[in-house]
S.K.: 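Quick one: the structure is below, and I'll ask about it shortly.
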Amino acid sequence: MKLASANFSDRLEPNIEIKGFPDGDQYVNIPDIKKIKGKKVEVYHRLYPEQDKKIIQAVFLLKTLKENGCRVDLVAPYLPYSRQDKRWKKGEPLSAEYICSLLKWAGAEKLTTFDCHFLKKTGEHFYGGLKIKNVSLSNPLIEYAEKKYGKLEVITPDMGAGYMVQGKGKSMKKERGEYLEGKEAYREIKKLEMDFDVKGKNILIIDDMISSGSTMIKAVENLKSGGAEKIICCATHGFFLKDSLKKLSGICEEVYVSNTIPTEVSKINFMDYL
Ligand code: R5P
């Protein structure tokens with residue numbers, strides 16, 4: 001049995017009710033609960049944007065299903081907080097781990113997600129006690145560009161995304177600095193370097209995500225100063241914060257992502273790879 005929330009309506013017919021109470025508290029209801037009691041259920045619910053709300057909604061759904069004797073798998077194509085898997089300062093939480101533990105506690109037997117930042121490997125893993133099936137969209141992302149532009153050199157902007165090009169490409173080296181002053185917790189990119197030749201080459205840069213766009217923009221600038229010809233940028237998850245899509249589109253041939261987060265440049269349908 002599949003249960004889908006309205007934020008999956010681009011892929012599945014929604015059959016879960018989700019609303020907000022007037023004060024902002026979250027309301028969920030599973031109208032078919034009597035029919036699915038004790039059954040195996042897949043819940044399709046995107047956890048981004050508005051990740052805090054969406055995570056709470058997922059917890060309420062999972063726990064209600066668990067209390068009704070269901071065995072539940074959660075399908076959430078992007079896992080928020082997945083970048084907080086390490087402590088930069090001693091007093092910081094391991095947010096990625098806590099979110100996984102929370103989903104497990106609520107009743108998720110398995111989470112299926114795509115290019116999960118802290119896993120850096122496909123297949124099944126346990127993290128924070130939660131079983132996670134991590135699927136990579138690197139092959140379809142690369143195939144999309146090669147169909148359009150012919151054979152390309154594939155490069156990741158940092159070693160973390162290296163698994164996305166294993167045996168097929170190279171990685172730049174990225175180093176972040178200290179947190180910047182101000183309200184946002186953001187560590188600037190201190191260095192982004194490459195030790196290979198790109199002169200005259202057509203290049204596809206691939207990453208697990210484009211968030212503020214700083215990584216991709218720096219990577220494109222590097223490749224341009226190295227004399228690369230055509231440069232195409234892609235990622236599994238596209239947040240495109242602020243005006244980063246516009247900026248990036250202005251300095252390379254094409255930018256595209258999958259629809260794990262729906263965007264105007266989503267070219268790969270993750271549902272085809274579940
Ligand atoms: C980080 O290690 C990730 O793989 C991405 O490179 C990073 O999260 C992208 O963030 P931004 O677009 O803000 O540079």
Side-chain angles (χ1 to χ4, degrees), residues 47-49 51 77-89 92 94-97 99 113-122 125 127 132 134-138 141-142 154-166 168-194 203-224 231-252 254-258 260-261 263-266 268 270:
L47 300 178
Y48 187 90
Q51 58 271 45
Y78 167 68
L79 179 65
Y81 292 96
S82 55
R83 278 181 291 178
Q84 276 77 68
D85 63 324
K86 287 186 195 80
R87 287 193 173 91
W88 181 252
K89 288 184 177 173
E92 294 174 349
L94 290 177
S95 312
E97 195 185 303
I99 294 294
T113 194
F114 289 82
D115 288 305
C116 179
H117 185 75
F118 54 77
L119 289 176
K120 309 193 192 310
K121 258 191 231 150
T122 55
H125 309 268
Y127 187 84
I132 305 178
N134 186 36
V135 184
S136 181
L137 292 178
S138 56
L141 284 165
I142 296 171
V154 190
I155 284 171
T156 68
D158 55 40
M159 309 290 275
Y163 78 96
M164 295 183 82
V165 297
Q166 243 172 31
K168 291 180 241 164
K170 297 177 179 125
S171 297
M172 295 182 183
K173 286 188 189 106
K174 180 169 88 180
E175 207 184 297
R176 287 199 187 261
E178 288 296 332
Y179 286 103
L180 294 181
E181 290 292 324
K183 283 190 182 161
E184 267 181 0
Y186 181 74
R187 288 169 51 218
E188 223 183 5
I189 301 170
K190 214 164 100 185
K191 265 193 219 161
L192 191 77
E193 294 172 342
M194 60 181 180
I203 307 237
L204 174 67
I205 320 176
I206 184 168
D207 204 352
D208 58 343
M209 60 182 87
I210 301 175
S211 177
S212 70
S214 321
T215 302
M216 272 293 175
I217 291 170
K218 277 214 162 45
V220 172
E221 287 167 357
N222 262 6
L223 293 171
K224 283 197 167 169
I231 304 170
I232 300 120
C233 299
C234 72
T236 300
H237 315 291
F239 303 77
F240 298 120
L241 303 178
K242 297 176 186 156
D243 57 352
S244 55
L245 179 56
K246 198 169 161 212
K247 272 194 195 152
L248 206 47
S249 306
I251 56 170
C252 68
E254 182 174 352
V255 187
Y256 63 95
V257 290
S258 81
T260 55
I261 298 167
T263 75
E264 62 190 89
V265 293
S266 292
I268 308 297
F270 72 86

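Given the structure is predicted, the values throughout are model-derived calculations rather than measurements. As the structure lists them, so they are numbered: ligands from 1, and atoms in each ligand from 1.
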S.K.: Is there a side-chain contact between I217 and E221 in this structure, where contact means two heavy atoms from C-beta onward sitting under 4.5 Å apart?
M.R.: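 Yes; the side chains approach each other to less than 4.5 Å.
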S.K.: If you measure from the Lys or Arg side-chain nitrogens to the Asp or Glu carboxylate oxygens, is any gap between E175 and K190 under 4.0 Å?
M.R.: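 Counted as a salt bridge, because a side-chain N and a carboxylate O are separated by less than 4.0 Å.
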S.K.: Quick one: are Y256 and I232 in side-chain contact, heavy atoms under 4.5 Å?
M.R.: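 Of all side-chain heavy-atom pairs linking I232 with Y256, at least one is under 4.5 Å.
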S.K.: Taking all non-hydrogen atoms of both residues into account, name the closest pair between L141 and C234 and its distance.
M.R.: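 Where L141 meets C234 most closely, the heavy atoms are CB-SG, 4.0 Å.
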S.K.: What do you reckon, are the aromatic ring centroids of Y78 and F114 less than 6.0 Å apart?
M.R.: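 No, ring centres 6.0 Å or more apart.
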S.K.: When the ring planes of Y48 and F239 are compared, do they come out parallel, tilted or perpendicular, using 30° and 60° as the limits?
M.R.: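 Perpendicular: the ring planes of Y48 and F239 meet at over 60°.
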S.K.: Residues around ligand 1, heavy atom under 4.0 Å from any ligand atom, sorted by chain and number. Can you pull those?
M.R.: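 Only R83, H117, D158, K174, R176, D207, D208, M209, I210, S211, S212, G213, S214, T215 have heavy atoms that fall under 4.0 Å of ligand 1, ordered by chain and number.
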